[in-house]
Amino acid sequence: MAEAVTHTGPLVELAGVVRDYGTRVITRALAGVDLIVERGELAALMGPSGSGKSTLLQVLGLLDRPTAGRVRIAGRDTASLSDRELTAFRGDTIGFVFQFHHLLPAFTALENVAMPVWGRLGRLRPGDRAHARELLVAVGLADRLDNRATDLSGGQQQRVAIARALMRDPPLLLADEPTGNLDTASGDQVFELFRRFNRERGTTCLVVTHDPRIAERCDRVIELVDGAIAADRRRR
């Protein structure tokens, strides 16, 4: 976590990032993306289907390496990291929220939130349970700590997923269509959590969305077309 804490420059720096798939027939998903995301930004990533949004999020989230170009997160050139180092750095630096929450149905809300630490250490310390409890209180689920995932509504499950993504206090939160599977009211509540953590904790958030209502409430809207940034508008 030291790199993320001590580095004071942009949190995310992409330079000329290309991602190709295939061997005989090459499909170019990202075509030379240059992107800087400053600390404390809440940005929306938009674009038509097939524009490269999910690929860009995978590269940003260090789940996929680019074919060419440079990816720096919290000042760290990720190309220099081994797979093992990359996994550790990703766990310390980046939280993920997806359209489908991927909670473990046999576990309680609190256990699901604590899972990033539990999976890493093989156990939970008393402070970990307290931190998981604090996060569930923060997302409005103080009365659902011991409910299994299957006993929660879709909006409640997504709030658990957000708390889980914040369990290790990452400076960067990446969300892929986090409201896409929810009704309007639940989606608004989930987005407000991103805004709240962004303002209160300084968490940098990049949210992939197709919903213009969500995008309008972000500080910045980045539009991707054919694997390249077509527009980049800041609202403040």
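Everything quoted here is computed from the prediction, not taken from an experiment.
By the rule that hydrophobic residues join a cluster once side-chain heavy atoms approach within less than 4.5 Å of another member, Met46 and Leu206 end up as members of separate clusters. Leu104 and Ile162 fall within a single hydrophobic cluster, where Ile, Leu, Val, Met, Phe, Trp and Tyr are joined by side-chain heavy atoms under 4.5 Å apart, directly or via other members. In the hydrophobic clustering of this structure, Leu57 does not group with Val221; members are Ile, Leu, Val, Met, Phe, Trp, Tyr whose side-chain heavy atoms approach within less than 4.5 Å, directly or through other members. Note: the hydrophobic cluster containing Val18 does not contain Ile73 (ILVMFWY, side chain heavy atoms under 4.5 Å, direct or indirect links).
Side-chain atoms of Ser186 never come within 3.5 Å of backbone atoms of Asp183 as a donor-acceptor pair (strictly under, hydrogens ignored). Formation of a donor-acceptor pair under 3.5 Å by the Asn112 side chain with backbone atoms of Ala161 is not found in this model. When atom types are taken as modelled, the side chain of Asn198 and the backbone of Gly40 share a donor-acceptor pair closer than 3.5 angstrom. Between the side chain of Gln158 and the main chain of Pro178, a donor-acceptor pair closer than 3.5 Å is present. Side-chain atoms of Arg39 never come within 3.5 Å of backbone atoms of Thr204 as a donor-acceptor pair (strictly under, hydrogens ignored). Within the 3.5 Å criterion, the main-chain N or O of Pro48 finds a donor-acceptor partner in the side chain of Lys53. Under a 3.5 Å cut-off, the side chain of Arg196 and the backbone N or O of Ala138 do form a donor-acceptor pair. In this structure, Asp219 contributes its side chain and Ala43 its backbone to no donor-acceptor pair below 3.5 Å.
For the pair Arg148 and Asp151, the salt-bridge criterion is not met [side-chain N within less than 4.0 Å of a carboxylate O]. Salt bridge Arg217/Asp188: present, at least one basic N to carboxylate O contact under 4.0 Å. A salt bridge is defined here as a Lys NZ or Arg NE, NH1 or NH2 lying under 4.0 Å from an Asp or Glu carboxylate O, and Asp77 with Arg70 fails to meet this definition.
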**Message:** Set out, in order, the CA-CA distance, both residues' side-chain angles and the distance that settles side-chain contact (heavy atoms from CB on, under 4.5 Å) for Leu103 and Arg164, then state yes or no.
**Reply:** CA-CA 9 Å; Leu103 300 183; Arg164 179 183 59 190; 3.5 Å; yes
**Message:** Go through it in stages, so that I can follow the logic: the residues are Gln156 and Leu141, the test is side-chain contact (heavy atoms from CB on, under 4.5 Å), and I'd like the CA-CA distance, side-chain angles, deciding distance and then a yes or no.
**Reply:** CA-CA 8 Å; Gln156 289 171 337; Leu141 294 176; 3.8 Å; yes
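Between Arg220 and Val37 there is a side-chain heavy-atom pair separated by less than 4.5 Å. Asp169 is listed as a side-chain neighbour of His131, based on a closest heavy-atom distance under 4.5 Å. Between Arg76 and Thr93 there is no side-chain heavy-atom pair separated by less than 4.5 Å. With a 4.5 Å cut-off on side-chain heavy atoms, Thr179 and Phe194 do not count as touching. The closest side-chain heavy-atom distance from Leu11 to Glu41 is not below 4.5 Å. Side-chain contact check for Leu81 versus Phe89: some heavy-atom pair is nearer than 4.5 Å. The closest side-chain heavy-atom distance from Asp176 to Ser54 is below 4.5 Å. No side-chain heavy atom of Arg28 sits under 4.5 Å from any side-chain heavy atom of Thr67.
Note that OG1 of Thr150 is 8.0 Å distant from CD of Gln157, once rounded to the nearest 0.5 Å. Rounding to the nearest 0.5 angstrom, the gap separating the CD1 atom in Ile94 from the CG atom in Leu63 is 7.5 Å. Atoms CG and CG, on Asn147 and Leu110 in that order, are 11.5 Å from each other to the nearest 0.5 Å. Note: Arg129 CZ to Leu145 CG = 11.5 Å, rounded to the nearest 0.5 Å. Here OG1 of Thr209 is found 5.5 Å from CD1 of Ile214. Values are rounded to the nearest 0.5 Å. Atom CZ of residue Arg159 and atom CG of residue Leu152 lie 9.0 Å apart, to the nearest 0.5 angstrom.
Under the salt bridge (Lys or Arg N to Asp or Glu O under 4.0 Å) criterion, Glu177 pairs with no residue, sequence neighbours left out. Remark: Asp226 engages no residue in a salt bridge (Lys or Arg N to Asp or Glu O under 4.0 Å) (not counting sequence neighbours).
Taking every heavy atom of both residues into account, Ala228 and Ala31 meet most closely at CB-O, 4.3 Å. Nearest approach of Leu173 to Ala165, heavy atoms of both residues: CD1-CB, 3.5 Å. The shortest non-hydrogen separation linking Ile26 to Gly22 is CD1-O, 3.2 Å. Of all non-hydrogen atoms in Ile36 and Pro10, the two that sit nearest each other are CG2-CB, 3.6 Å.
With respect to Leu14, the side chain to side chain contact (heavy atoms under 4.5 Å, CB included) criterion is satisfied by exactly one of Leu30, Val71, Asp34: Val71. Applying side chain to side chain contact (heavy atoms under 4.5 Å, CB included) to Ile222 and the options Leu45, Val208, Leu56 leaves one that passes, Leu45.
Ring geometry for Phe96 versus Phe98: interplanar angle under 30°, hence parallel rather than tilted (30 to 60°).
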